[in-house]
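Everything on this sheet refers to the single structure shown next.
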2 protein chains.
Amino acid sequence: MKPIQVGLLGIGTVGSGVFGVLQRNHDEIRRRAGREIAITMVADLDETRAHAVVGEQAKVVKDARDVIANPDIDVVVELIGGYGIAKALVLEAIAAGKHVVTANKALLAVHGSEIFKAAAEKGVMVAYEAAVAGGIPIIKALREGLTANQIQWIAGIINGTTNFILSEMRDKGLDFDVVLKEAQRLGYAEADPTFDIEGVDAAHKATLMSAIAFGVPVQFDKAYVEGITKLSSVDIKYAEQLGYRIKLLGITKRAEKGIELRVHPSLVPAKRLIANVEGAMNAVVVHGDAVGTTLYYGKGAGSEPTASAVIADLVDIARLDGADASHRVPPLAFQSSTLREAGQDLPVLPMAEVVTSYYLRMRVADEAGVLAKVTGILANAGISIDAVLQREADEVGGEGSTQTDLIILTHDTREGDMDKALTEIQGLPTVLAPITRIRKEELN
Amino acid sequence: MKPIQVGLLGIGTVGSGVFGVLQRNHDEIRRRAGREIAITMVADLDETRAHAVVGEQAKVVKDARDVIANPDIDVVVELIGGYGIAKALVLEAIAAGKHVVTANKALLAVHGSEIFKAAAEKGVMVAYEAAVAGGIPIIKALREGLTANQIQWIAGIINGTTNFILSEMRDKGLDFDVVLKEAQRLGYAEADPTFDIEGVDAAHKATLMSAIAFGVPVQFDKAYVEGITKLSSVDIKYAEQLGYRIKLLGITKRAEKGIELRVHPSLVPAKRLIANVEGAMNAVVVHGDAVGTTLYYGKGAGSEPTASAVIADLVDIARLDGADASHRVPPLAFQSSTLREAGQDLPVLPMAEVVTSYYLRMRVADEAGVLAKVTGILANAGISIDAVLQREADEVGGEGSTQTDLIILTHDTREGDMDKALTEIQGLPTVLAPITRIRKEELN
């Protein structure tokens, strides 16, 4: 069988990894794929860098469109990133009848439905294992491994930068700003870390998993996104005392009236495996009605782990190139004719409708009756309390302090009800600072 | 597209699960598969039980061969188990041109090569996701998700019964026999638990993963198999003090001169995720050269988790039924024409050639010079020591005791060298009881 010819758009960290792993494991990959996978063309603005990576093994061009225009190229691998030129190139590659592999979660979380539709019309595949959780084959697990299940929820540590920061904050008792600088120095955080620390990157990935799990289109615009920039190390410490760790989770859940799709810091019981995922590692927990709880763990980023996912897609494509569409796995797991419209019967719920439990921390006056007032307001709102931790004033504010921290864990509550109760509690004269509220997930 | 028609051979725990989940999630599965999956025929010696499960929805017969003989049946699901009649039926189903799905690790670990060859000649698929680690899609991860990688090693908790027993022994400080009885009472262990507690079941599964990982035929006969029956709770306690847990691991590893394939209790650092997999849960760690370390966790047994895997196979088959063989994933991951012969360039190594580290416990006389003698013998054998724990004699044997426990952790050693050194140490007059030796894996 003739080699499948691949053109890379962009040969930075991931592109070099793809090229290098395909070379190193050439024989093994060919024995699996039944067909040679050959990168024959590479486009990069920095042609010198590209030449340095590929040598004489592939043609180097500056203009990505030269790759797309080459009739010998079967698959275009888009590793440029972002929503801009990447979108145009992916759509042009599809229009030219090329299969596409991409690691671009931002692009797919926003324009995925349009891209998948174009691919279906043209009869080509769009594969994106590398877009979520790097080297972990989570897209394959969701789309193929768990097809028997009604997926009930997914919760993942799907951003290595923030997990590294949170791990360091806990380990060393340091504050966010300090650890961020350290992470930047070590290369775990980018110079502009906004997409990571504000939860946007995790939300892109959660959006893709949500669509795959529930048979809905990608709806990044409906995702609730909250990052870790406001997390205080004191909350990490109190959470620890209560038997929890704080992780930035991307969550999507099937609820009675729709789907939850949200990214925010969450308390997770310390005994759960996912609570023990440290540093820049990723892990995704998937709960299906038949299989129960499963977990997938590995490196979520980096040159070769990401290349591992890109090449797995290339092997799938090498196998199914030329096969009828009915023999292929639909890009969002469900046959496109059966995808729900956005909003139809399974809408993404507004946060006020989300049901979860909470960790609350309030700086209060150390005087009689405060706890009674706070818990009274919660009780009136129908919010039941799971645990209370009240610190000695001296411990919190030093000798003779008249303030203390009151920490409350609640049972499941509608977020709208919690919002109202917190507004009321915040208004109490004995509540001395803005209340900290962190959601809590049991994940069992 | 017409429904794919499935015949079940055996409708016990797993069969009922398959039937039930396919019914409950009928719409969702069809939306994914693009085709209806219909169980139209069921064979079971206990026809009454079969009728009770399937009602009027499927034809019930006593003789499995009636299912195989039915020209309308596209896929035969073998859930009988064992090497005997199951083998004949699987081969007959293949000969009749049926695809086969099986959860039968024993059959495949011993006769897999013959079965896969027959299937290839007949142009049908044999799928067995349920045969390893129940609901965890580990076969798919290995065969498809990690195709870019040279797999370097796999280590898995792939037998729930033994993991339950070890968890209980640690939690409650109880001895093996006591916990086994409890496990039998709770249904976690069978009336005849031999295959589980002696490591045979885990070895079947490790054999399959080994073949998939390294492109070799199944070679159960070459596997080293050691169960947990001789494990003492005192070793679990000492391991804990040294920062380790003891797990029954199925291990396969690529070494310089061949493949390691072995099942035995192993110390694992307590901080690894897999060390924290408790109760009857399963987990498999896979280390690939590109992706690094990945882990897959979930329920390894039970009606619906196993059904989840069987149905995932059915969906794959529903998609690829009618497709050319080149579009399908080879049963052992590598194209059959490229599978190595047994023994050829990657033989399964004898245990004497295996390199690993060790936990040693010796009951010794509490007198001067014992430690020096023991460590001298190890040093002469080129075995280097990682840690030593010597207990106060009073703690071990009670007030006035003249015996104590000497615990040694070694660095990596050829097992043959360790055997020789231990024979010599055992011969010392100050070593008062048979030495306990447990292998240790760092798994990083």
Side-chain angles (χ1 to χ4, degrees), chain A residues 1 17 21-22 24-25 28-29 31-35 129 135-137 140-141 143-150 215 271 273 276-277 283 288-299 302 304-305 307-312 315-316 319-320 322-324 326-330 333-335 338, chain B residues 1 17 21-22 24-25 28-29 31-35 129 135-137 140-141 143-150 215 271 273 276-277 283 288-299 302 304-305 307-312 315-316 319-320 322-324 326-330 333-335 338:
Chain A
M1 212 169 182
V21 172
L22 267 177
R24 187 173 72 230
N25 295 346
E28 194 124 352
I29 293 169
R31 285 174 61 208
R32 290 193 180 106
R35 189 170 175 189
E129 182 63 80
I136 308 172
K140 191 169 276 286
R143 287 203 322 193
E144 306 176 43
L146 303 176
T147 41
N149 293 265
Q150 289 218 24
K271 66 185 169 198
L273 286 191
N276 295 282
V277 170
D289 67 339
V291 76
T293 299
T294 60
L295 176 141
Y296 310 83
Y297 164 89
K299 289 195 174 121
E304 293 210 348
S308 173
V310 168
I311 296 169
V315 172
D316 279 354
R319 268 200 201 108
L320 289 164
D324 188 81
S326 67
H327 297 319
R328 300 175 181 166
V329 180
F334 291 82
Q335 303 291 327
T338 74
Chain B
M1 212 167 181
V21 172
L22 267 177
R24 187 174 74 229
N25 295 345
E28 194 122 354
I29 293 168
R31 285 175 59 208
R32 291 194 180 105
R35 190 171 174 188
E129 183 62 81
I136 307 173
K140 190 169 276 285
R143 287 203 323 194
E144 305 176 41
L146 303 176
T147 41
N149 293 266
Q150 289 218 23
K271 64 185 172 198
L273 286 191
N276 295 283
V277 169
D289 68 338
V291 76
T293 299
T294 60
L295 176 143
Y296 310 82
Y297 164 90
K299 289 192 175 126
E304 293 211 348
S308 173
V310 168
I311 296 169
V315 172
D316 279 354
R319 268 199 202 109
L320 289 164
D324 187 82
S326 68
H327 298 318
R328 299 174 181 166
V329 181
F334 292 82
Q335 302 292 327
T338 75

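So that the names make sense, note that chain A is the first sequence line, chain B the second, and so on, each numbered from 1. Here the structure is a predicted model, which is why all the values come from computation and not from measurement. Heavy-atom basis, side chains included; hydrogens, waters and symmetry copies ignored.
Ranking A:Gly145, A:Ala309, A:Ala290, A:Ala312 against chain B, the residue ahead of the rest is A:Ala290, based on heavy-atom pairs under 4.5 Å. Counting heavy-atom pairs closer than 4.5 Å to chain A, the top residue among B:Leu273, B:Asp324, B:Val315, B:Val277 is B:Leu273. Of the listed residues A:Thr294, A:Ile136, A:Leu22, the one with more heavy-atom pairs under 4.5 angstrom with chain B than any other is A:Thr294. Note on B:Gly298, B:Pro305, B:Ala307, B:Gly135: by heavy-atom pairs under 4.5 Å with chain A, the leading option is B:Pro305. Put simply, of A:Gly292, A:Ser326, A:Ala141, the one with the most heavy-atom pairs under 4.5 Å next to chain B is A:Ser326. Most heavy-atom pairs under 4.5 Å with chain B: of the set A:Ile311, A:Asn276, A:Leu295, A:Val21, this distinction falls to A:Leu295. Per-residue counts of heavy-atom pairs under 4.5 Å with chain A were compared for B:His327, B:Arg31, B:Gln335; the largest is that of B:Arg31. Counting heavy-atom pairs closer than 4.5 Å to chain A, the top residue among B:Thr293, B:Asp316, B:Val310 is B:Thr293.
With rounding to the nearest 0.5 Å, the separation of CG in A:Leu320 from CZ in B:Arg319 is 10.0 Å. Atom CZ of residue A:Arg32 and atom CG of residue B:Asn149 lie 7.0 Å apart, to the nearest 0.5 angstrom. Atom CD of B:Gln150 sits about 9.0 Å away from atom CD1 of A:Ile29, to the nearest 0.5 Å.
When heavy atoms are compared at a cutoff of 4.5 Å, A:Arg35 does not approach chain B at all. Contact of A:Glu129 with chain B is not made at all, since no heavy-atom distance falls under 4.5 Å. Using a 4.5 Å cut-off between heavy atoms, B:Ala283 does not touch chain A at all. Residue contact with chain A, scored on non-hydrogen atoms closer than 4.5 Å, involves the backbone and the side chain of B:Glu144 alike.
Judged as a side chain to side chain donor-acceptor pair (under 3.5 Å), and not counting sequence neighbours, the contacts of A:Asp289 are B:Arg24, B:Asn25.
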